[in-house]
Protein chains: 2
Amino acid sequence: MCNSHHREQDESEEHCCPGRGRVRGFMQPWLLLLLAQKPAHGYELMERLGQDDETPGADPGLLYRTLRQFEQEGLVRSSWDTEGSGPARRVYEITDEGLEYLHAWAVNIRRTRERLDRFLAEYQAHFQSAEEGR
Amino acid sequence: MCNSHHREQDESEEHCCPGRGRVRGFMQPWLLLLLAQKPAHGYELMERLGQDDETPGADPGLLYRTLRQFEQEGLVRSSWDTEGSGPARRVYEITDEGLEYLHAWAVNIRRTRERLDRFLAEYQAHFQSAEEGR
DNA sequence: TCTGCTATATGACTGACACATATAGTATAA
DNA sequence: TTATACTATATGTGTCAGTCATATAGCAGA
């Protein structure tokens with residue numbers, strides 16, 4: 001049910017070139033937060049990402065690669081779950097180091113939001129005064 | 001790798017690895033906005049960027065490349081200024097197309113800020129309730 | 001002359017991301 | 001039984017912003 005392959009280009013879609021304006025590495029803190037809430041496997045994380053971030057179909061390739069990279073860095077650990085139906089699932093769990101990393105990310109994101117606000121403030125200041133001027 | 005254990009963050013430095021958590025292509029709307037305020041050459045834009053975005057020394061390589069790319073795309077136009085002392089300066093001026101692009105960027109950035117808010121809300125919701133639980 | 005500031009520019013590399021594709025297990029309907 | 005759809009993990013490749021290093025040249029003052 002995770003249709004990552006259809007891209008509808010309606011008006012709410014970005015005018016600027018794709019990829020621009022997004023936060024670099026934003027999938028990383030989301031994965032860590034979702035794992036902090038509850039251990040999960042990749043496919044489930046993909047679905048939860050699609051809801052919370054309203055990102056319609058996060059790229060599976062990026063997701064699985066990010067998880068494996070996290071494991072290499074000790075931010076998560078994994079085990080195979082062969083219970084239930086369907087193929088075996090690799091279940092991820094966040095580590096203490098991963099939690100620390102998540103908190104650092106939160107600080108980072110607050111800082112990024114301030115930068116955005118600073119831009120928007122200056123943008124509006126300029127174009128409001130430009131509006132007054134005519 | 002983000003060695004958060006060894007080095008206490010000296011407030012201005014980022015905790016997570018460099019480049020992460022920043023907005024992709026964020027220099028682009030800044031340049032367009034600064035040029036919308038007033039035509040300028042690269043070096044001056046670099047200094048104004050350092051003030052407004054409090055980014056201490058934006059990378060000159062990226063800045064000049066971005067400006068030339070903008071010119072190729074018709075977002076800005078340039079002319080040489082040989083007046084005054086020092087080396088000749090290439091003075092950039094924003095075009096109508098550049099203004100349009102800037103406005104599209106502003107929409108994009110508002111959307112990005114909403115995404116950040118959504119993350120921070122969920123982050124705080126989780127860790128506040130986790131605090132209550134102990 | 002040597003240093004330092006102004007000013008523009010290129011080359012090499014990295015990391016996040018997009019897009020395509022491969023793989024296999026399971027369930028269900030034709 | 002075959003076909004298909006869904007679940008689940010994974011790799012390969014290319015793009016692009018960002019980082020760092022370096023090259024260049026004009027000009028000014030010690």
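Throughout, protein chains are lettered first and strands after them, A, B, ... in sequence-line order, and every chain is numbered starting at 1.
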Self-check item: A:R20 side-chain proximity, nearest of D:dA17, C:dA27, C:dA9
Solution: D:dA17

Exercise. Compare the minimum distances between each of D:dG18, D:dT9, C:dA9 and the side chain of A:R89, then state the nucleotide with the smallest one.
Key: D:dT9

Practice problem: Output the single nucleotide from C:dA7, C:dC17, D:dT19 whose closest atom is nearest the side chain of A:M27. | Solution: C:dC17

Self-check item: Rounded distance in Å - CG (A:D59) to C1' (D:dT15)
Solution: 14 Å

Exercise. Treat each ILVMFWY residue as a node, draw an edge where side-chain heavy atoms are under 4.5 Å apart, and state whether B:V107 and A:V23 are in one component.
Key: no

Exercise. Look at all strands and tell whether A:V91 reaches a base, only sugar-phosphate, or nothing, counting heavy atoms closer than 4.0 Å.
Key: nothing

Practice problem: By nearest nucleotide on DNA chain D, pick out whichever of B:P87 and A:R65 is the more 5' one. | Solution: A:R65

Exercise. For B:G42 and for A:G84, locate the closest nucleotide of DNA chain C by heavy-atom distance; then report the residue assigned to the nucleotide nearer the 5' terminus.
Key: B:G42

Self-check item: Atom-to-atom span, CD of A:E83 to P of D:dA8 - whole angstrom
Solution: 14 Å

Self-check item: Rounded distance in Å - CD (B:E71) to P (C:dT8)
Solution: 12 Å

Practice problem: Grab the CZ-P distance between B:R22 and D:dG18 for me, whole Å please. | Solution: 9 Å

Quiz item: When you match B:H41 and A:S85 each to their closest nucleotide on DNA chain C, which lands nearer the 5' end?
Solution: B:H41

Quiz prompt | Hphob cluster co-occupancy, B:I94 + B:V91, side-chain heavy atoms under 4.5 angstrom | solution = no

Quiz item: Can a side chain N or O of A:R24 be found less than 4.0 Å away from OP1 or OP2 on C:dA16?
Solution: no

Quiz item: Under 4.0 Å between a side-chain N or O of A:R90 and OP1 or OP2 of D:dA10?
Solution: yes

Quiz item: In whole angstrom, what separates A:L63's CG from D:dA8's P?
Solution: 13 Å

Quiz item: Which residue, A:G61 or A:G86, contacts DNA chain D at a nucleotide closer to its 5' end, judged by nearest heavy atom?
Solution: A:G86

Self-check item: Interatomic spacing from CZ in B:R110 to CG in A:D117 - rounded to 0.5 Å
Solution: 11.0 Å

Exercise. Quickly work out the B:R68 CZ to C:dT10 C1' distance and round it to whole Å.
Key: 11 Å

Exercise. Using only side-chain N and O atoms of B:Y64, determine if any of them is under 4.0 Å from OP1 or OP2 of C:dA9.
Key: no

Quiz item: Between A:E114 and B:R113, is the closest basic N to carboxylate O distance under 4.0 Å?
Solution: no

Exercise. Rounded to the nearest angstrom, tell me the gap between atom CH2 in B:W80 and atom P in D:dG26.
Key: 12 Å

Quiz item: Does a side-chain N-to-carboxylate-O contact under 4.0 Å join A:E44 and A:R48?
Solution: yes

Practice problem: Starting from C1' on D:dT11, measure out to CD on A:Q69 and report it in whole angstrom. | Solution: 15 Å

